[in-house]
Amino acid sequence: MSERNVSFRVDEQESHCLRVPSFHYGSGGLISFESSVVQELVVRLVVNGQQVDTLTCSPWNVEELTYGRLYFNGIIRRASDVTDMRIDVDAGLVDVLISDTMGAASDSLLGERSVLSYVTPRWIIDNMARFEANSCLFRRTGGMHGAAIADAGGFLARFDDVGRHNAMDKLVGWCLANGVDASDKVVLFSGRVPWGIIDRVVKLGAYAIISPGAPTDMSIKIAGQNQIMLVGFAKNGEFNIYAHEELLSDGAEKNAFAV
């Protein structure tokens with residue numbers, strides 16, 4: 001990634017990457033070996049004394065995950081609505097207090113967007129390559145999803161989790177806690193883009209989402225309705241645009257990109 005101080009804690013993630021005894025079958029028959037797997041955590045999310053959700057997640061960036069999930073579920077409207085948060089990973093508990101009078105909701109459903117000059121085919125290809133090059137835990141374990149946010153200056157934050165929705169919730173929660181305006185920023189995502197992912201991009205207010213995976217008909221429809229450029233199959237120097245191809249930077253070739 002770029003030289004910017006990207007918000008993600010690799011050391012903490014590595015500490016939760018475990019080695020377990022396994023067996024591999026191949027041309028040499030059945031061979032024992034140690035496999036790398038990611039630790040998974042079950043967390044009860046309690047708000048004002050009442051359990052509202054159960055999170056099955058990776059045991060890092062739980063604070064960002066909590067902010068994102070509460071925001072997505074409509075329990076909070078901004079980070080300041082949370083007056084206290086206590087996280088006990090060992091006990092599998094996140095205990096949150098929220099204020100009785102919550103702040104005004106921010107409207108992330110933006111109208112017409114102007115073209116951002118930096119979102120060119122080359123920017124999409126280069127930054128997806130950087131995103132995948134930094135998917136260290138996925139390469140080691142095969143069991144991770146990642147979500148990042150970037151602008152013309154490079155990557156601002158990246159979060160990984162065993163759950164694809166969790167990875168996005170961590171990213172949304174980080175933006176919420178840090179007051180990040182995502183309207184001129186792009187989300188990069190590691191896998192399929194179904195309704196649950198594009199809906200989070202809408203609530204975040206991001207300009208576009210780029211993924212090496214496939215969208216669904218519903219995610220294409222929602223992206224189209226909300227002025228979000230939806231890019232899929234972005235790999236090996238190619239990509240497809242499924243919604244708002246006009247948001248690709250002026251002067252770029254906008255003919256179909258084959259997979």
Side-chain angles (χ1 to χ4, degrees), residues 6-9 12-13 16 38-47 51-82 85-89 92-96 98 102 105-106 108-109 131 135 137-138 143-150 155-182 185-206 208-211 213 215-216 218-219 222-223 226 228:
V6 181
S7 176
F8 67 131
R9 297 192 287 270
E12 183 179 355
Q13 295 179 16
H16 294 288
V38 175
Q39 189 177 355
E40 189 174 19
L41 178 70
V42 178
V43 177
R44 292 186 299 118
L45 177 55
V46 176
V47 176
Q51 182 170 338
V52 298
D53 205 348
T54 300
L55 310 176
T56 304
C57 60
S58 298
W60 55 77
N61 299 118
V62 177
E63 179 178 351
E64 290 87 350
L65 172 61
T66 301
Y67 276 121
R69 186 61 58 86
L70 292 174
Y71 178 67
F72 182 73
N73 287 342
I75 296 173
I76 64 172
R77 296 170 178 169
R78 55 181 60 186
S80 60
D81 292 335
V82 176
M85 183 187 302
R86 299 181 183 182
I87 299 173
D88 188 336
V89 171
L93 175 66
V94 177
D95 193 2
V96 176
I98 63 173
M102 297 198 302
S106 59
S108 65
L109 304 181
F131 176 77
S135 302
L137 279 181
F138 175 79
M144 299 300 298
H145 294 278
I149 191 165
F155 287 77
L156 285 81
R158 178 201 173 109
F159 295 94
D160 296 277
D161 199 278
V162 292
R164 62 168 59 90
H165 297 94
N166 292 342
M168 274 298 303
D169 283 343
K170 287 178 178 181
L171 186 66
V172 171
W174 179 85
C175 290
L176 192 69
N178 290 278
V180 174
D181 178 1
K185 296 172 180 64
V186 174
V187 170
L188 294 96
F189 189 66
S190 62
R192 290 189 303 111
V193 185
W195 170 85
I197 297 301
I198 197 69
D199 199 29
R200 284 162 167 81
V201 176
V202 171
K203 287 182 170 59
L204 179 60
I209 180 170
I210 303 168
S211 172
T216 65
M218 187 173 291
S219 65
I222 294 172
N226 290 280
I228 293 171

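Values below: all heavy atoms of this structure, side chains included; hydrogens, waters and symmetry mates excluded.
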**Student:** Please identify which of these residues, V202, L204, I222, V187, meets the side chain to side chain contact (heavy atoms under 4.5 Å, CB included) condition with I228.
**Tutor:** V202
**Student:** What distance do E64 atom CD and L176 atom CG have between them, rounded to the nearest 0.5 Å?
**Tutor:** 11.0 Å
**Student:** If I compare all heavy atoms of L171 with all of A157, which pair ends up nearest, and what's the gap?
**Tutor:**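 So the two residues come closest at CD1-O, 4.1 Å.
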**Student:** To the nearest 0.5 Å, what is the distance between CZ (R192) and CZ (R164)?
**Tutor:** 4.0 Å
**Student:** Report the C-alpha distance between K203 and D199 in whole Å, list the side-chain angles of each, state the deciding distance to 0.1 Å, and finish with yes or no for side chain to side chain contact (heavy atoms under 4.5 Å, CB included).
**Tutor:** CA-CA 6 Å; K203 287 182 170 59; D199 199 29; 3.3 Å; yes
**Student:** Applying side chain to side chain contact (heavy atoms under 4.5 Å, CB included) to R86 and V94, what does each step give before you reach the verdict?
**Tutor:** CA-CA 6 Å; R86 299 181 183 182; V94 177; over 6 Å; no
**Student:** What are the two closest heavy atoms between G173 and Y67, and how far apart are they?
**Tutor:** CA-CB, 3.8 Å
**Student:** Could you pull out all residues at least two apart from A208 that satisfy side chain to side chain contact (heavy atoms under 4.5 Å, CB included)?
**Tutor:** V186, M229
**Student:** Please test M168 against D161 for side chain to side chain contact (heavy atoms under 4.5 Å, CB included), starting from the C-alpha separation and ending with a verdict.
**Tutor:** CA-CA 9 Å; M168 274 298 303; D161 199 278; over 6 Å; no
**Student:** Among all residues two or more places apart in sequence or in another chain, which pass the side chain to side chain donor-acceptor pair (under 3.5 Å) test with S190?
**Tutor:**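 For S190, no residue satisfies side chain to side chain donor-acceptor pair (under 3.5 Å) once neighbours in sequence are set aside.
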**Student:** Just how far is it from atom CD1 of I210 to atom CZ of F131, taken to the nearest 0.5 Å?
**Tutor:** 10.0 Å
**Student:** Please test L70 against L45 for side chain to side chain contact (heavy atoms under 4.5 Å, CB included), starting from the C-alpha separation and ending with a verdict.
**Tutor:** CA-CA 9 Å; L70 292 174; L45 177 55; 3.9 Å; yes
**Student:** Between R200 (side chain) and G68 (backbone), is there a donor-acceptor pair under 3.5 Å?
**Tutor:** no
**Student:** Atom CD in Q39, atom OG in S58: separation rounded to 0.5 Å?
**Tutor:**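 It comes to 9.0 Å.
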**Student:** Within the side chain of K170, is there an N or O that forms a donor-acceptor pair under 3.5 Å with the backbone of W60?
**Tutor:**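 Flag set: sc K170 to bb W60 pair under 3.5 Å.
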**Student:** Quick one: list whatever passes side chain to side chain contact (heavy atoms under 4.5 Å, CB included) with V46, sequence neighbours left out.
**Tutor:** R44, Q51, L93, D95
**Student:** Contact between D160 and H145 at the side-chain level, heavy atoms closer than 4.5 Å - yes or no?
**Tutor:**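 D160 does not reach H145 side chain to side chain.
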**Student:** Considering only heavy atoms from C-beta outward, does the side chain of Y71 approach that of D81 to under 4.5 Å?
**Tutor:**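 Y71 vs D81: side chains apart.
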**Student:** Heavy atoms only: give me the nearest A167-A147 pair and the separation to one decimal.
**Tutor:**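 Minimum heavy-atom separation between A167 and A147: O-CB, 3.7 Å.
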**Student:** Can you sort out the partners of R69 under side chain to side chain donor-acceptor pair (under 3.5 Å), two or more places apart, ordered by chain and number?
**Tutor:** D53, N166, D169
**Student:** Listed by chain and number, what are the side chain to side chain contact (heavy atoms under 4.5 Å, CB included) partners of S211, not counting sequence neighbours?
**Tutor:** F189, V193
**Student:** What distance separates T66 OG1 from L55 CG, expressed to the nearest 0.5 Å?
**Tutor:** 6.0 Å
**Student:** Given 3.5 Å as the limit, does a donor-acceptor pair link the side chain of T216 with the main chain of P194, or not?
**Tutor:** no
**Student:** Rounded to the nearest 0.5 Å, what separates atom CD1 in I149 from atom CZ in F159?
**Tutor:** 10.0 Å
